[in-house]
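No experiment lies behind these values; they were computed from the predicted model shown.
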Amino acid sequence: MAEKRRSGGTAVLPEVKPTQSESDRLLLSQLGVGELLRGAILKMVEARSDDPIGFLADHFCNLASVSESAGTPGVSDGDQVNGVPSACAQEQQHLNRALWHLRLAHHSQRSAFSNNLLLAYDLLSHPTSGCPGAGGGVRGGLYTQTLQCLCSEGGVPASTSAPLLRRLHCQAHEAVPYDLFRQGVLTCAVFSDYIRQAQRLYAQVGCPAEGPASRALCLAVLGTLQEALETSQGPGANRYLEASAKISSHKVAQVMARGGRAPGPGGNMDAKEFENAAAELFIARVRVVS
């Protein structure tokens, strides 16, 4: 010790190693896991999902699909050029991601739905080259494809949605502005809800186990639905949902009671015919895109 003091030497402290928990926290911080989880939870809260596990699984699958490197799931070798996804494959990826955003929040959640609409529009406006009609904003062909997917995912048969899509259709080469994109997406979202409500109305009118419902009763319910559509004052496309919501079980019972007493056309009306008739009431009030 005396020798150390004379030489001015200092004692060497033993190296302090980080604990396992500190090492784990450092690793999570370096990987950005905290931000990923925070972003996922905020999205789940915004969407008000009643299936948190399924929502988070879809969320992280969507994040994984963002990568456009070689071997991206869903992109075959034929869709790649020199190991990079082709322009059309990239466009399909953008469409899938845009649809995912549009599914996150119901259109009744106006703020969240509007935010997701902007995200979807930006994704579909991403310029690509080498794919017909790509670049320079959302092209009409991609816009129409988006609306078709929304109706299909909303449970609307293609034959039912076709007349609506013809009214909303844009030429493949046209550039679709945001306001038109928003209106088209919102119309299809509301239409999907409306058709599901029409299907429930038919189930109230008849009994599937007993075959098609009475035509007279169906026409009476459709007449009441038309009256509700004509008198509803809801904002924009939402008036269709307001109108169909007016047709409560009690209202249907009243209509059925009147229909059973009043003379009317004989025969039956199946579910598809009723659905198409209800769809016509909606579609007749949608402005044709010119």
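No continuous path of ILVMFWY side-chain contacts below 4.5 Å connects Leu180 to Leu123, so the two sit in separate hydrophobic clusters.
Residue Ser161 holds its OG atom at 8.0 Å from CD1 of Ile283, rounded to the nearest 0.5 Å. Of the inter-residue distances, the one linking Thr187 atom OG1 with Leu147 atom CG reads 8.5 Å to the nearest 0.5 angstrom. Taking CG from Leu142 and OG from Ser125, the interatomic distance works out to 9.0 Å, rounded to the nearest 0.5 Å. In this structure, the separation between OG1 on Thr160 and CD on Glu275 is 3.5 Å, given to the nearest 0.5 Å. Note: Ile195 CD1 to Gln199 CD = 7.0 Å, rounded to the nearest 0.5 Å. Here CG of Asn276 is found 11.0 Å from CZ of Phe274. Values are rounded to the nearest 0.5 Å.
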> Step by step, would you call Arg139 with Glu174 a salt bridge (charged side-chain N to carboxylate O under 4.0 Å, His left out)?
Replying inline: CA-CA 6 Å; Arg139 294 300 178 184; Glu174 292 180 299; over 6 Å; no
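Between Tyr143 and Leu124 the shortest side-chain heavy-atom distance does not fall below 4.5 Å. Between Pro157 and Lys272, some side-chain heavy-atom pair lies under the 4.5 Å cut-off. Contact annotation: the side chain of Leu104 never approaches that of Phe113 to less than 4.5 Å [non-hydrogen atoms, C-beta and beyond]. With contacts defined as side-chain heavy-atom distances shorter than 4.5 Å, the pair Asn268/Arg215 does not qualify. Side chains of Val156 and Arg196 form no contact here, defined as non-hydrogen atoms less than 4.5 Å apart. Side-chain contact between Cys170 and Phe181: absent, with no pair of heavy atoms (C-beta onward) separated by less than 4.5 Å. Taking 4.5 Å as the limit, some side-chain heavy atom of Gln148 sits within range of a side-chain heavy atom of Thr144. No side-chain heavy atom of Tyr202 sits less than 4.5 Å from a side-chain heavy atom of Val221.
A tilted orientation is assigned to the rings of Phe282 and Tyr194, their planes being inclined by 30° to 60°. Below 30°, between 30° and 60°, or above 60°: for Tyr178 and Tyr121 the angle between ring planes is above 60°, a perpendicular geometry.
When all heavy atoms of Val205 and Ala213 are compared, the closest pair comes out as CG1-CB, 3.9 Å.
Counting heavy-atom neighbours within 6.0 Å of Arg103 CZ, excluding the residue itself, gives a total above 12.
Using modelled atom types, one finds no donor on one side chain facing an acceptor on the other under 3.5 Å when comparing Asp179 with Gln183. Between the side chains of His101 and Asn115, no donor N or O sits under 3.5 Å from an acceptor N or O.
Within the 3.5 Å criterion, the main-chain N or O of Leu281 finds a donor-acceptor partner in the side chain of Arg285. Without hydrogens or angle criteria, Arg167 side chain to Arg287 main chain gives no donor-acceptor distance under 3.5 Å.
Test Cys151, Ser152, Cys149 against Cys188 for side chain to side chain contact (heavy atoms under 4.5 Å, CB included) and you get one pass: Cys151.
Under the salt bridge (charged side-chain N to carboxylate O under 4.0 Å, His left out) criterion, Glu280 pairs with no residue at all, not counting sequence neighbours.
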